[in-house]
2 protein chains.
Amino acid sequence: MAEGLPDQVAALRPNAVVAVDVVLFTVRLGDPTGRAWQVLVLERDDAAFAGRLSLPGVLLRADETFDGAARRALAAKAGLDASQWYLEQLGTFAAPDRDSRGRVISVAQLALQGSAQIRLAPGRGVMRAAWLPVRALPPESLAFDHADMLRVASNRVQSKLRYSWIAFQLLPETFTLSELRAVYAAILDPALLRLNTGNFRKAFETLFAADVLVPVGTRARAGRVGRPGDLYRFTGPVLGRWERELPWQGSPEPGPDDTTLDTAG
Amino acid sequence: MAEGLPDQVAALRPNAVVAVDVVLFTVRLGDPTGRAWQVLVLERDDAAFAGRLSLPGVLLRADETFDGAARRALAAKAGLDASQWYLEQLGTFAAPDRDSRGRVISVAQLALQGSAQIRLAPGRGVMRAAWLPVRALPPESLAFDHADMLRVASNRVQSKLRYSWIAFQLLPETFTLSELRAVYAAILDPALLRLNTGNFRKAFETLFAADVLVPVGTRARAGRVGRPGDLYRFTGPVLGRWERELPWQGSPEPGPDDTTLDTAG
DNA sequence: ACAAAAGTGTTTATTGTACACCCATGC
DNA sequence: GCATGGGTGTACAATAAACACTTTTGT
């Protein structure tokens with residue numbers, strides 16, 4: 001940070017355009033597993049990128065934090081009130097040619113929210129927003145380097161699902177273990193649906209023991225058929241983690257597993 | 001990224017000062033385990049931060065990548081040729097008050113290199129640089145929010161040591177399993193030194209089977225006493241990972257485990 | 001010869017998976 | 001009743017830790 005004299009002279013002169021883009025994920029429990037994991041995209045009508053999709057983003061304001069800008073982007077571009085949503089920094093993208101209009105540095109943020117709590121309320125200035133299934137989204141359909149951001153975000157969520165407790169950010173206040181399993185199946189591997197209920201439950205044994213997952217007493221309203229599951233509430237810290245990673249391997253997604261940015265061997 | 005019309009008009013006007021700071025870690029195999037894990041810091045002589053330490057950093061240039069700037073920072077501030085070193089993006093720090101001279105956004109980079117390959121070659125314009133043990137470094141001694149960066153970097157390395165193959169970036173071309181164990185012990189937990197050699201070796205069984213760790217034939221020159229260990233070479237990709245995380249728990253470092261930036265519950 | 005450290009194998013405890021069984025609901 | 005899905009317990013397989021033993025060096 002500008003310790004050298006030549007740097008210090010210029011220290012107060014802005015030298016970059018900084019934007020914030022948001023990768024907002026949700027899981028639609030009603031949809032089939034292959035399409036349940038969805039991402040929010042905007043449909044662009046610019047001349048330059050006609051027909052292509054992009055992530056919601058804004059330019060950073062003078063005294064704004066990154067997550068402040070991210071929440072503002074969701075409000076301004078999609079009419080979403082994200083003031084209470086889970087948000088974390090994903091990484092900063094700065095390939096010199098990533099934006100044709102000049103050099104723009106973008107801080108990508110990852111947001112998670114349960115689909116039940118999301119209400120797309122189109123207001124003034126809101127763009128056409130759409131939810132698309134992550135697994136069925138062709139990378140070419142995204143403008144700029146937003147496909148890179150989506151890839152990094154997907155990898156991040158898949159990893160984090162195994163060692164942290166973020167899965168509960170994608171569920172409503174109370175939920176059944178089946179719904180929890182649906183989240184894991186949608187993001188990690190559909191094969192988890194064919195896993196035994198007992199084994200799935202056992203993986204969360206420590207959370208039950210620590211009262212992080214507490215039964216709420218009630219049963220879920222009957223689904224279609226079969227016994228309704230017990231309802232649970234998550235009381236643990238959002239940033240909580242397991243001591244030992246969950247055993248379920250993510251689906252062997254080929255290609256670079258770039259959780260790691262800016263790496264050169 | 002500036003899709004809205006109001007944003008687009010201003011899209012080419014720089015709106016922020018962007019810097020790049022580097023957290024360079026090494027492990028000195030000679031030192032006692034408690035002090036072997038070290039970080040490079042600069043001793044500041046500014047009036048504002050007299051006597052305090054800081055991480056090497058520079059302002060980002062117009063057409064420079066982040067890791068380009070990071071390597072330049074190491075060269076300019078400490079005289080290190082980091083052109084071939086392992087580097088990854090750590091996160092971007094932007095608290096509005098993090099720099100008293102104005103709002104500066106800093107992209108922190110994590111660098112790893114074996115201590116044997118590091119040659120501090122003070123040249124013109126190079127600042128006083130020092131290697132300090134990470135575990136014994138009081139957070140207050142660092143200027144700006146560099147203590148935050150160091151904390152995030154430490155957590156990142158500790159996690160990554162367990163699921164990826166970066167440990168080998170901290171070792172010379174050929175090394176013994178004892179030296180490898182010393183790296184893990186220094187960063188994760190000194191108790192690993194008291195772990196049986198056989199069990200440690202068994203953890204790397206898959207790497208031996210995949211010829212990622214290959215014996216180089218020779219024996220290490222005798223240490224102090226006892227049988228010298230076999231020498232090995234790491235041939236795998238820098239970004240390689242284990243399918244299953246290593247079992248060794250990091251030392252139960254209290255405090256926030258912030259690998260996660262910008263999170264608000 | 002002895003101590004110290006490295007390498008190899010076996011035994012035991014812990015953890016993950018598979019399977020069998022009972023419970024509650026819709027038809 | 002019967003099919004379907006949820007909840008509980010047990011048996012088997014895989015993995016981590018503990019331990020015993022052999023090899024190679026310096027003193």
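Letters A, B, ... mirror the listed sequences (proteins, then strands); counts begin at 1. Since we're looking at a predicted model, the values are computed, not measured.
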Strictly under 6.0 Å, is that where the ring centroids of A:F204 and A:W165 end up? no
Whole-Å distance, B:L213 CG to C:dG7 P, equals 12 Å
Going 5' to 3' through nucleotides 2-13 of chain D and flagging B where a protein heavy-atom sits under 4.0 Å of the base, S where only the sugar-phosphate is that close, and - otherwise, we get --BBBBB-B---
When rounded to whole Å, the CD to C1' distance for the pair A:E245 and C:dT14 reads 18 Å
To the nearest angstrom, the CD-P distance between A:E243 and D:dA16 comes to 16 Å
Taken to the nearest whole Å, CD/A:E205 to P/C:dG16 is 11 Å
Please say whether the positively charged group of B:R135, taken as NZ for Lys or CZ for Arg, lies over the ring of B:W37, i.e. under 6.0 angstrom from the six-membered ring centre and within 45 degrees of the axis.
no
B:L195 CG to C:dG7 P, in whole Å, measures 14 Å
Using distance alone, with no hydrogens and no angle criterion, decide if A:D67 and A:Q89 have a side-chain donor and acceptor under 3.5 Å apart.
no
When rounded to whole Å, the CZ to P distance for the pair A:R244 and C:dT17 reads 12 Å
| field | Ring center gap for B:F200 and B:W248 short of 6.0 angstrom | value | yes
Checklist entry - Are A:Y163 and B:Y163 close enough that their ring centres sit under 6.0 Å apart? => result no
Rounded to whole Å, the CZ-C1' distance (B:F208 to C:dT8) equals 13 Å
Are the aromatic rings of A:F234 and A:F175 close, with centres under 6.0 Å apart? no
Between CG of B:L246 and C1' of D:dT15 the distance, given in whole Å, is 13 Å
